[in-house]
*Asks:* 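Here it is: the structure, laid out below.
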There are 2 protein chains.
Amino acid sequence: MEYGEETTSPIEMKLRDAGLRPTRQRMDLAELLFGNGNRHVTAEMLHAEALRRQVSVSLATVYNTLNQFAGAGLLREVAIEGSKTYFDTTISDHQHFYFEHDGRLIDLGPDEEVAVAVRKLPEGMKVARIDVLIRLVPDK
Amino acid sequence: MEYGEETTSPIEMKLRDAGLRPTRQRMDLAELLFGNGNRHVTAEMLHAEALRRQVSVSLATVYNTLNQFAGAGLLREVAIEGSKTYFDTTISDHQHFYFEHDGRLIDLGPDEEVAVAVRKLPEGMKVARIDVLIRLVPDK
DNA sequence: GTGATTGCAAATCTTTTGCACTAAA
DNA sequence: TTTAGTGCAAAAGATTTGCAATCAC
């Protein structure tokens, strides 16, 4: 492209659409998060990865950014026990397999999804979301 | 009962069976946990309750005790995102409603249970358990 | 007694915040 | 410019740990 040409990358669009200013840090982190397929990361993991890739960001900013992305619907938090918070780059409704022996977390494919239907809800409440976590252990 | 009579309360048996010495603190905490139906508590909550009931235990001991009970299979940890760890006195297979606006966690009744069936499992793996968490928010 | 358990305070770990500085619009 | 975003260090919240005192067996 020529000098002076204006471009808007898909990543930048994604941030703008979410109402977030496309700052250098956010662009870099978004690139790491969304430029490599579906991922499950913690703030610590993403920060370490950024440093490895020569991307300069503070851990505080990684935390803030992950929370902002999650708040904007770009990421989804996943609850597994343990203290760390995992963020999932796949935000559409889906479920997880969790390998208890090695801590790995993967998405279920569309053909593996489990159907869930709630029969009765507490008074005055509605479903925000249903989390399904299938905990696996090695066969026999 | 008469002086000198030996008794072994159900709570004490429970601890002994789990291989835990029935110390005063463990007995008191077990009483609070298991003597009032099904419960979902955090260490902080249980500690506050103990103090209210004139049961003297340190917060550190509450933490240690909850972890020991969980390790012994007397309690089950429930994964919800957020910082606090919840312990559930119901060990058997069941599901949860989580009230996002106030952090309350309750069990689904048998007539509210959601049917879950996994269609396909990763090679060489079997299901250890399936966690279902129904996140609720106030209607409209 | 002897080893397990407890309490307390200090330490750790994860995550959030205050504030001066920098960058985007 | 004006306002949002960032970095850093300090703060906060949850949980664990070290060690001397205490309790169960």
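Just so we're on the same page: letters track the sequence lines, and every chain starts at 1. Here the structure is a predicted model, which is why all the values come from computation and not from measurement.
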*Asks:* Please give, in whole Å, the distance from dA14(D) P to Leu46(B) CG?
*Replies:*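 Checked: the CG to P distance equals 15 Å.
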
*Asks:* Which residues in residues 21-31 of chain A have a heavy atom closer than 4.0 Å to any atom of DNA chain C?
*Replies:*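 Residues of residues 21-31 of chain A under 4.0 Å from DNA chain C: Arg21(A), Pro22(A).
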
*Asks:* Is Asp28(B) salt-bridged to Arg26(B), going by a charged N under 4.0 Å from an acidic O?
*Replies:*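 The answer is no: the pair does not qualify as a salt bridge.
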
*Asks:* Could you check which residues of residues 55-75 of chain B get a heavy atom under 4.0 Å from DNA chain C? Sort them by number, please.
*Replies:*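 DNA chain C contact set from residues 55-75 of chain B: Ser56(B), Val57(B), Ser58(B), Ala60(B), Thr61(B).
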
*Asks:* To the nearest 10 degrees, what angle separates the axes at the start and end of the helix from dG1(C)-dC25(D) to dA25(C)-dT1(D), five pairs each?
*Replies:*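 Comparing the first five pairs with the last five, the axes sit 30° apart.
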
*Asks:* Which residues satisfy the side chain to side chain contact (heavy atoms under 4.5 Å, CB included) test with Ala48(A), sequence neighbours excluded?
*Replies:*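 Arg52(A).
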
*Asks:* Tell me which pairs pass ring-ring contact (aromatic ring centres under 6.0 Å, His included) where either residue lies in residues 107-134 of chain B, with sequence neighbours left out.
*Replies:*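 Residue pairs passing ring-ring contact (aromatic ring centres under 6.0 Å, His included), neighbours aside: none found.
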
*Asks:* Return each pair, listed once, that meets salt bridge (Lys or Arg N to Asp or Glu O under 4.0 Å) where at least one residue sits in residues 55-75 of chain A; pairs must be two or more places apart or across chains.
*Replies:*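 As it turns out, there is no salt bridge (Lys or Arg N to Asp or Glu O under 4.0 Å) pair with a partner in residues 55-75 of chain A once direct neighbours are skipped.
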
*Asks:* Send over the distance from Tyr86(A) OH to dT15(C) P, rounded to a whole Å.
*Replies:*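 Nearest whole value for this atom pair: 10 Å.
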
*Asks:* Should the pair Arg129(B)-Asp93(B) be classified as a salt bridge under the 4.0 Å nitrogen-to-oxygen rule?
*Replies:*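 Answer for the salt bridge query: no.
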
*Asks:* Between Leu15(B) (CG) and dA24(D) (P), how many Å, whole number?
*Replies:*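 Distance check: Leu15(B) CG to dA24(D) P gives 13 Å.
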
*Asks:* Charged N to carboxylate O under 4.0 angstrom, Arg135(B) versus Asp131(A)?
*Replies:*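 Here Arg135(B) pairs with Asp131(A) in a salt bridge, since their nearest N and O are under 4.0 Å apart.
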
*Asks:* Kindly say if Thr85(B) contacts the phosphate of dT15(D), meaning a side-chain N or O under 4.0 Å from OP1 or OP2.
*Replies:*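 Thr85(B) to dT15(D) OP1/OP2: side-chain N or O found under 4.0 Å.
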
*Asks:* Whole Å only: how far is the NZ atom of Lys84(A) from the P atom of dT15(C)?
*Replies:*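 So the NZ-P distance, Lys84(A) to dT15(C), works out to 7 Å.
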
*Asks:* Any carboxylate oxygen within less than 4.0 angstrom of a Lys/Arg side-chain nitrogen, looking at Glu113(B) and Lys120(A)?
*Replies:*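 Between Lys120(A) and Glu113(B) there is no salt bridge, as every charged N stays at least 4.0 Å from the carboxylate O atoms.
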
*Asks:* Mark yes or no for whether His94(A), through its side chain, and Ser92(A), through its backbone, hold a donor-acceptor pair below 3.5 Å.
*Replies:*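 Side chain of His94(A) to backbone of Ser92(A): a pair is present.
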
*Asks:* Just the rounded figure in Å: distance from C1' of dT14(C) to CE of Met45(A).
*Replies:*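 My rounded result for the distance is 15 Å.
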
*Asks:* Does any part of the side chain of Met27(B), heavy atoms only, come nearer than 4.5 Å to the side chain of Ile11(B), both counted from C-beta?
*Replies:*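 Yes - at least one pair of side-chain heavy atoms lies under 4.5 Å apart.
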
